[in-house]
Amino acid sequence: MASRFNALKADAHWQQVWDEARTFAADDHSARPKTYVLEMFPYPSGKIHMGHVRNYTMGDVLARYRRMTGHEVLHPMGWDAFGMPAENAAMEKKVHPGTWTRANIGTMKAQLKRLGFALDWTRELATCEPDYYGHEQALFLDFYQSGLVYRKESAVNWDPVDMTVLANEQVIDGRGWRSGALVEKRKLSQWFLKITQFADELLDGLGSLEHWPDKVRLMQENWIGKSQGLQFRFALSDGGSVEVFTTRPDTMFGASFVAVAADHPIAQAVAAGNPDAAAFIERCKQGGTTAAELETQEKLGFDTGLTATHPLGAGELPVYIANFVLMEYGTGAVFGVPAHDQRDFDFATKYALPIRRVVSDGDKPDPDFREPEAYTGPGTLVNSHFLDGMDVEDAKRAVIARAEDGGWGKGSTVYRLRDWGVSRQRYWGTPIPIIHCPTCGEVAVPREQLPVTLPDDVTFDVPGNPLDRHPTWKHVACPHCGGEALRDTDTLDTFADSSWYFIRFASQPKDRPFDRSVAESWLPVAQYIGGVEHAILHLLYARFWTRALRHVGLIDLAEPFTGLFTQGMVTHETYKAADGRWLAPDEVRDGVEIAGGGAVTVGRVEKMSKSKKNTVDPEPIVDQYGADAVRWFMLSDSPPERDLEWSENGIEGAWRFVQRLWRLFDGEASGATGSDAALDRKLHQTIAGVGADIEALSFNKAVAKLYELTSAIEKAAPSASRDTAIATLMRLVAPMVPHIAEEAWAARAQGGLIADTEWPAVDPALLVEDEVTIAIQVNGKLRETLTLAKGLPKDEVEAAALAVDKIVRALDGNAPRKVIVVPDRLVNVVL
RNA sequence: GCGGACGUGGCGGAAUCGGUAGACGCUGGAGACUUAAAAUCUUCUGCCCAUGGCGUGCGGGUUCGAGUCCCGCCGUCCGCACCA
């Protein structure tokens, strides 16, 4: 008998067998029910990390399980291959972004293959290849031609050293994350996708996504940020007017000022004739936007000298330019009600403006406001003319009705969501297929000229956009007039690439982005698995893109992902030397630094990251323990939505279990006869339980049940039941540890691949126990347990309970006050 | 500040409907096998003043019975943030 499972040999063998048999290639024409399991595709940064391993293992277990339960499973893999790291590598290592990216893909693909994932590699795609991004350009033009794309001047974060636009996340304390240069606000002409056109749909659609985490739905809801209120006009003392938006029209009579944003046209107009105002506006722009700065920043205003006429005849209000009013939200102007808004309260306190209470919470009918802070709760209107006595909600409706009747305002809805700016002044992305002609204006690149490919001969030795400074690339003839014209030298935000890759996986014809009917046969994705860091942007953009495709008539699909699961991170202890250097796990042993023996401080358990050096590279681990042990560990212990702490003990334990399985699997079946009713029952309970747990993605629970079954089999005496249990266990563990399962299946000459077998059937008769353990309690406290036949009548159970020694003693000759009998569960004797 | 999640042994965690808290794994103890070690196997492992008592962050409540439901605190983590 071979004593050990040789993982290295078995892994390679079965991976090759699956590859050659195209076991996991999804068949578009299959008669089986189709299902689509997808993990978020990786960015090819260099090597795979433990987070990838955990993510893809979870998806793999589900995909393999669904195959075994009779589904035709689409489980593809590809590469989110455009993006900045490739350009940074180009600058630092003098290597072309494409060369760097494709090399990384090669490395990471080989690494993924070694983990034995049941992936359909025939559908592999990389977003940096023209046969992907060319179709994306076609979709962009479809959107453009149906009015979902527009061009607008917009303020961006401009890094003057790197000469590029930075995303908000790349601006740290007002400086560029790479260059450290002070970031400037610049106006640039940018392409926008009209995501706000779908704001309501995207919001309402969240309601249908029952298999998404509530947390993610809530985050998206807050991101979209729908607010309903009143938009109305104040007449100004200079003859103009100012439009404001409020969600609290009920507090109209509490208004004591009007404030506009620093970049509001009214503020600009005032500044033109008033240097003090201009200076104030300049000062507003300097303020930082980080949380801490906003927290401490004082509310500041500049009195324009203008006044606004209250539309309901409540006098004239001063008009300020204020630093806390945002141009980007609502109309860029507000009316201030200090008694019922904290910011307005702070502002009014500073500038000695009236604070008049118009909503009373009942306890304090006195309308003169003397609270130390604004009151924002519900209540009854006071000091408000025709609104007096109404509650807040009624008053809102009354004011909106009055405004609409009087023609000075209307009920209105405002969203926090902005249109999606997709222009990036970078090389390594999808070129925007538009040509700018001095005579014809913007012209779409004709379809037959797609793809617009990236030039290869680019340089990264100077900052700025290599496409823009390429000597010839941008110079083209205008498709309309044939005159000299220029290509748009911007590329699309890489979130565009990841907004439809799941459709291209389902169907990839050469001549168009996808075939509608094939795509619709696979989509929506039944289960999507990835990190919660994509809860908003990627998932919202993909939802939008899908709706936009439906809008232009390319697919009949509202939501791309029916089920979403956000898995936790892989974490590890951190270690620090006395001098503050971070140390890697393999530099530390027994609490001291191996090199030099210096003392080591064990820090918090944190997400694996290069900066804290607490990463564990999957590759040597797979070398040492084999793919199955790594997979098993990824599924064990921690619930999948929570963080998993990597530990040496954990992987060792997983490896021990794989070997334990092998001791059961290795060799011939015993050939013993006779049945073992208890083992049969345990087996069928495990089949049902593990199946349900996998469906629920509760892999840690499935693992626990498999441990229990394994122990039960080990302890059982030889019997036909035991032989059956062992053969069945092979199939039960197959989704999780597929290599040892194939090896064992082949050794027992079961025929075919275990990957192609069916999930074992459950015998429902064996799921019910014939005996139950009943808890005997006194006043709710456990005193004894009794094992009785299942389904025994109440009175018999009660009699048995009252005959128990401890109960007789507790009763001490008295009759119980009450006896509660829960059939097949417990008896509670109340004294 | 607003919104949300969570809090169970030495550790990760189970407990699906309000019904035996601590499944399963890790760590640790004892033992078997061995010249020895590794591996493996057996067994124990919430706490304490131990025929009993106490225990699911803290304080109350509902109930025959609460980790689970209700009220009030405390703590940790996450998201958003001058959003009118």
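As a basis for the values below, the full set of heavy atoms in this structure was taken, side chains included, without hydrogen atoms, waters or symmetry mates. Sequence lines set the chain letters: A, B, ... in the order given, protein chains first and strands last, and positions in each chain run from 1.
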Please state the [atom1] separation for the pair [N] and [M] - nearest whole angstrom.
N	M	atom1	result
U34(B)	A38(B)	P	15 Å
G22(B)	G7(B)	C1'	16 Å
A30(B)	C24(B)	C1'	22 Å
C74(B)	A23(B)	P	34 Å
U56(B)	U51(B)	P	23 Å
U45(B)	G29(B)	C1'	8 Å
G57(B)	G75(B)	P	16 Å
C17(B)	C69(B)	P	10 Å

How many angstroms lie between atom [atom1] of [X] and atom [atom2] of [Y], to the nearest 0.5 angstrom?
X	Y	atom1	atom2	value
M219(A)	T566(A)	CE	OG1	9.0 Å
M569(A)	R54(A)	CE	CZ	9.5 Å
T574(A)	N614(A)	OG1	CG	6.5 Å
L540(A)	L417(A)	CG	CG	6.0 Å
L539(A)	L537(A)	CG	CG	9.5 Å

Atom pair distance, as rounded to whole Å: [atom1] in [X] and [atom2] in [N]:
X	N	atom1	atom2	answer
L417(A)	G79(B)	CG	P	20 Å
F324(A)	C83(B)	CZ	C1'	12 Å
E606(A)	U76(B)	CD	P	16 Å
F699(A)	G13(B)	CZ	C1'	17 Å
R416(A)	G79(B)	CZ	C1'	10 Å
L326(A)	C82(B)	CG	P	6 Å
F633(A)	G12(B)	CZ	P	13 Å
D341(A)	C83(B)	CG	P	7 Å

Evaluate the ring planes of F257(A) and Y320(A), with Trp represented by its six-membered ring, and classify them as parallel (under 30°), tilted (30 to 60°) or perpendicular (over 60°). perpendicular
Would you list the protein and nucleotides 42-50 of chain B atom pairs, both N or O, that sit under 3.5 Å from each other?
none

Verify, without hydrogens or angle tests, whether R722(A) (side chain) and I713(A) (backbone) share a donor-acceptor contact under 3.5 angstrom.
yes
For [X], what residues pass the ring pair (Phe, Tyr, Trp, His ring centres under 6.0 Å) criterion, not counting sequence neighbours?
X	result
F699(A)	none
W420(A)	Y541(A)
F253(A)	H310(A), H385(A)

Polar pairs (N or O, both sides) under 3.5 Å between protein and nucleotides 22-26 of chain B?
from   : atom 1 : to      : atom 2 : distance (Å)
A23(B) : O2'    : E708(A) : OE2    : 3.2
C26(B) : OP1    : R656(A) : NH2    : 3.0

Base, sugar-phosphate, or nothing for [X], non-hydrogen atoms under 4.0 angstrom?
X	result
R783(A)	sugar-phosphate
L218(A)	sugar-phosphate
V414(A)	nothing

Checking contacts here: which listed nucleotide ([options]) is nearest the side-chain heavy atoms of [X]?
X	options	result
R418(A)	G19(B), A14(B), C83(B)	C83(B)
R663(A)	U40(B), C82(B), G3(B)	U40(B)
P639(A)	G13(B), A84(B), G79(B)	G13(B)
K781(A)	A14(B), A84(B), C54(B)	C54(B)

Fill in: Pairwise 5' ranking along RNA chain B for S638(A) and N222(A), keeping only the more 5' one
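Between the two, 5'-proximity favours N222(A).
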Heavy-atom nearest nucleotide on RNA chain B taken for A775(A) and for G330(A); more 5' hit belongs to A775(A)
Could you run down the sub-3.5 Å N/O contacts of the protein with nucleotides 62-67 of chain B?
from   : atom 1 : to      : atom 2 : distance (Å)
C64(B) : O2'    : N828(A) : ND2    : 3.2
C64(B) : O2     : N828(A) : ND2    : 2.6

Under-3.5 Å N/O pairs linking protein and nucleotides 9-11 of chain B:
none

Encoded 5' to 3' (Watson-Crick or G-U under 3.5 Å; [ ] crossing; | other strand), RNA chain B becomes (((((((..(((......[....))).(((((.......))))).(((...)))..(((((..]....))))))))))))....
Given the 90°-from-0 boundary between syn and anti, C64(B) should be labelled anti
Relative to its sugar, using the 90° cut-off around 0, the base of G7(B) is anti
Residue set satisfying salt bridge (charged side-chain N to carboxylate O under 4.0 Å, His left out) with E606(A), at least two apart, ordered chain then number -> K612(A)
Whether D200(A) and K226(A) form a salt bridge (side-chain N of Lys/Arg under 4.0 Å from carboxylate O of Asp/Glu) is what I want to check.
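Looking at K226(A) and D200(A), the cut-off is met.
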Quick test of your reading of the model: are R343(A) and D346(A) salt-bridged, counting only N-O distances below 4.0 Å?
no
Those residues at least two apart in sequence (or on a different chain) that pass side-chain contact (heavy atoms from CB on, under 4.5 Å) with P354(A) are S256(A)
For residues 688-714 of chain A, which residue pairs pass the salt bridge (Lys or Arg N to Asp or Glu O under 4.0 Å) check, not counting sequence neighbours?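 Non-adjacent pairs meeting salt bridge (Lys or Arg N to Asp or Glu O under 4.0 Å): R66(A)-E695(A), R660(A)-E714(A), K682(A)-E708(A), D693(A)-K705(A).
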Residue pairs passing the salt bridge (Lys or Arg N to Asp or Glu O under 4.0 Å) test with at least one member in residues 790-806 of chain A, sequence neighbours excluded, are K790(A)-D824(A)
Q.
Quick one about T196(A) and D419(A) (side-chain donor to acceptor, distance below 3.5 Å, no hydrogens or angles considered), yes or no?
A.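 D419(A) vs T196(A): donor-acceptor pair found between side chains.
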Practice problem: Indicate whether the side chain of Q567(A) and that of R642(A) have a donor and an acceptor atom separated by less than 3.5 Å. | Solution: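 The criterion, which ignores hydrogens and geometry beyond distance, is not satisfied for R642(A) and Q567(A).
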- Query: Using the benzene-type ring in the case of Trp, are the ring centres of F347(A) and F324(A) under 6.0 Å apart?
  - Reply: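 Aromatic pair counts; centres sit under 6.0 Å.
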